[in-house]
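What follows is a set of notes on a single structure, which appears directly below.
To find a chain, count down the sequence lines: A is the first, B the second, and so on, and within it residues start at 1. Every value quoted in this text rests on a predicted model; they were computed, and no experiment measured them. Worth knowing before you read on, the calculation uses all heavy atoms, side chains too, and leaves out hydrogens, waters and symmetry mates.
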Amino acid sequence: MTVLREDLETTRWSPVCSYTDLLPERGACALVDGRQIAMFRTFDGVLYAIDNHDPFSGAQVLSRGIVGTRAGEPCVASPMHKQAFSLVTGVCLDDPAVSVPTYRIRLAEDGTVEVSTG
Amino acid sequence: MSRLVIVGHGPTSHRLVEALLAKGFAGRVTVLGEEPRSAYDRVALTSYLTGKSVEDLTYPVPEGVVLRLSSLVTAIDRENRTVTTADGHVEPYDVLVLATGSSPFVPPVPGRDLPGCFVYRTIDDLDAIREASAGAAGGVVIGGGLLGLEAADALRGLGLETHVVEMGGWLMPRQVDEGGGAVLRGHIEALGLSVHTEAGAKEIVAGPDGRVSGLVKPDGETIEAQVVVFSAGVRPRDELARQAGLEVGPRGGIAVDDGMRTSDPAIYAVGECALHDGMVYGLVGPCFTMAEVAADRILGGEAVFTRADLSTKLKLLGVEVAQFGAMEGALDVTFMDPVGGVYQKLFVSDDARTLLGGICVGDATPYNTLKPFVGRDLPGAPSELLFTGGPANMELPDDAQVCSCNNVTKGQVCTAIAGNGLTDVAGIKACTRAGTTCGSCVPMLKKILVAEGVEVSKALCEHFAYSRAELFDIVRVRGITTFSQLIAEHGTGRGCDVCKPVVASILASLGNGHILDGEQAALQDTNDHFLANIQRNGTYSVVPRIPGGEITPDKLIVIGEVARDFGLYTKITGGQRIDLFGARVEQLPQIWKRLVDAGFESGHAYGKALRTVKSCVGSTWCRYGVQDAVGLAIALELRYRGLRSPHKLKSAVSGCARECAEARGKDFGIIATEKGWNLYIGGNGGFTPRHADLFASDLDTEELIRTIDRFLMFYIRTADRLQRTSAWLEEQGLDYVKQVVLDDSLGICADLEAQMERHVATYADEWRATIEDPEKLRRFVSFVNAPGTPDPSIRFEAERDQVKPVLIPLEAVRS
């Protein structure tokens, strides 16, 4: 219980959009505290959030990639040069030495999508 | 041995240079060529008249080789080891190779020097024949051999009433016997050519203008003709060797030993000029082998040239003719189908067990399957082999020669497949050179691949075990309209950036509404998703359609105003359009609202779809134009706009043969003729440029559009993912595509046309539909939680009075 209380106290959740603003298997970008967060809703309804910054091109574009799976791992392919990033870990599946930050994302009871950069 | 000089620059000379460099020859190589152009593929010479360009036929000149063109060598000074050219240049050598080729034999017929008489050997000859044919009605070829029939085909292609006169009793006497010659004659006469056997030329007569007007046969009959082509055999070019005192044969040819060395040990001779063991060779295969042997010897090797295989397989005037091994034997078995025009004969030993040779006319299948068995036990009864093509699993022995042009055995092919993990014919060609010259063994190479258990994976990605063409058929035949249904029933997982755009394209080609409707939106890559082209800083570019490149001043002004008001970088594209760069996603609908209101629509620059139909200004303005190129280009662009395909599609229309629109660099290009339009297909620029092939000639506009409809839909149905028409055409073969599209050999043309009609009827502008749909517009934001906020990471600076992106410095990406 103590752990959970600490968690509640330290995590700041920002509401960004409604769940229906996110299309299945497509991303959208939110601007939170000056940070660009790419959010994805997969086919089974699970939400993921990673950084929007594509480390290979330097452009803020990962939210515009194609969402799919690689060997069952949900991933997004950068629209710039097609490197795939795991939505779970942020690790680049084509070059595991490269990764992008992941963020916490949840669905509030009223259908609002919330992310945390903390 | 530092200075090597080669006299002559034809295919054999080129092959010698390649072989020397491949084997690591370190000295200086100088090639002296008589023609004004470098070596070209003489085997494919006739294709120069049917659309191939000089560049298409020309071999690349390897780096580091000194090539002197228009340099006829007139003398060899063997004592001082130099050669002298007609223009006085003196070239010293340590080793000299004569590759002087042969010259056409012109029999001493009165009138043979009249204007209008030609030989058939060089590109210059073909240019002259083409020019003379322009105003001519009839043509005669003297000589009914292989080259004579090629020349006859060329004259027929140039629109002449064509005759062939042959001294012997039947056509192609070197390759076929009398029975085969009779069947061949039937084929050729059916094409409208006149064949005269046991006939020569008594005299060539001139008309009042001093040019050829006809050929008088020995029986006194006159054939009216303004063009006469001599094709009565060739003679080795040995005059230089003779003059230098080298040993030559009694009937010509520079005598060489098994190592291609002449009577002077510092001088070699290769190709058609060389006489080996009493034989002069005119076929490319033995000549290439000579080049390989000479290269090996020059580098100190011990390669040996042995009496060469004279097997031939070719397609003349659409008729397959082949001969292999011996042309006689103790026993022979003949299969003849006078209705189908097929004649096949096998020669076997007296015990009927050993194959000695064969002749084929009309269907050369036995050449492909049985040639490697020459000199060996037959794999079945001769009659069964001819009737059924032999047992399906005929095992070739490892030392059987598969490619006679490059002397490659089955064993070498198998070793290359196993050793390099090859999975396709292209790999075999690269590793062994088999199949790279005449290509007749390619079907055999495919069989060997299959027999070796190589299974080429056609799976699109980990989610679908099917090729794009197979998926297209599944979607079409089963009437599937969603990705979810397709992957649930025919795939695994949830797709990826490979299969999703492919399925999106297939659904779009089959007409499933707007590409951003429902689930389709999630399948599109970012370009199709935002209907614009992503650029390096994450902004997009906008290309409005400008059909045929024709635009009014008012519309030009609108584009200028839009670009100015949104601060876009403006550039003219290669496809006669205007590209506007630097738009953020939230600006795209505003930009397009202005463009749509002014009458513009999507240019599909973002899609694997028809891009543009370029045009020259055509007969409306140009004093050379013969047809309205702009009018046709606009009609084609409006007909095929929005058509999604395996890769982008580009087209162009030129109003005359000067080809200012560069139509032959396009997927489908149209060039105006006096009588209508010539259609070329399979061209592109890009990484591997390719000139389009002539597909059909002198079509009227209706025929042209019907042909393009069929061609495009057949390509869309059968091409692989991201396969341009050029690679697709090479894979399918021009003849096959002609059969399907022009002759409807698969019986699908009505279906292809109907499919295109549906596309044309249901086309709607994607951008207009998008700005009219608030649901679709909601996606055009940089930030879902701050729709009005532009992406702060996008910044511009000025260059040459326009904007350019400020590039984001890349941090070290690897942790």
Determine the option with the most heavy-atom pairs under 4.5 angstrom with chain B, choosing from A/Thr42, A/Asp21, A/Leu23. A/Asp21
Side chain, backbone, both or neither: which part of B/Ser484 has an atom under 4.5 Å from a heavy atom of chain A? side chain
Answer with side chain, backbone, both or neither: which region of B/Leu523 has an atom nearer than 4.5 Å to a non-hydrogen atom of chain A? backbone
Heavy-atom cut-off 4.5 Å, strictly under: side chain, backbone, both or neither for A/Val16 against chain B? both
Heavy-atom pairs under 4.5 Å with chain A, option from B/Asp525, B/Ile794, B/Thr539 with the top count: B/Asp525
Flag the one option from B/Gln524, B/Arg779, B/Gln535 with the top tally of heavy-atom pairs under 4.5 Å to chain A. B/Gln524
Do any N or O atoms from the side chain of B/Asn527 and from the backbone of B/Ile534 form a donor-acceptor pair under 3.5 angstrom? yes
Identify which part of A/Pro74 has an atom lying under 4.5 Å from any heavy atom of chain B, answering side chain, backbone, both or neither. neither
Given a strict heavy-atom distance threshold of 4.5 Å, which part of B/Asn537 is in contact with chain A: side chain, backbone, both, or neither? backbone
Side chain A/Asn52, main chain A/Gln60, donor-acceptor under 3.5 Å: yes
A side-chain contact here means heavy atoms from C-beta on lying under 4.5 Å apart; do A/Cys17 and A/Met39 qualify? yes
Note: vs chain A, highest number of non-hydrogen pairs under 4.5 angstrom among B/Cys496, B/Ala521, B/Gly495, B/Ala786 is B/Gly495
Are more than 12 heavy atoms, taken from residues, nucleotides or ligands other than B/Lys593, located less than 6.0 Å from that residue's NZ atom? no
Classify the angle between the aromatic ring planes of A/Phe56 and A/Phe85 as parallel (below 30°), tilted (30 to 60°) or perpendicular (above 60°). tilted
Whether B/Ser541 side chain and B/Asp579 backbone form a donor-acceptor pair below 3.5 Å: no
Can any side-chain N or O of B/Asp773 pair as donor or acceptor with the backbone N or O of B/Glu775 at less than 3.5 Å? yes
Could you tell me which portion of B/Val585 (side chain, backbone, both or neither) has an atom closer than 4.5 angstrom to a non-hydrogen atom of chain A? side chain
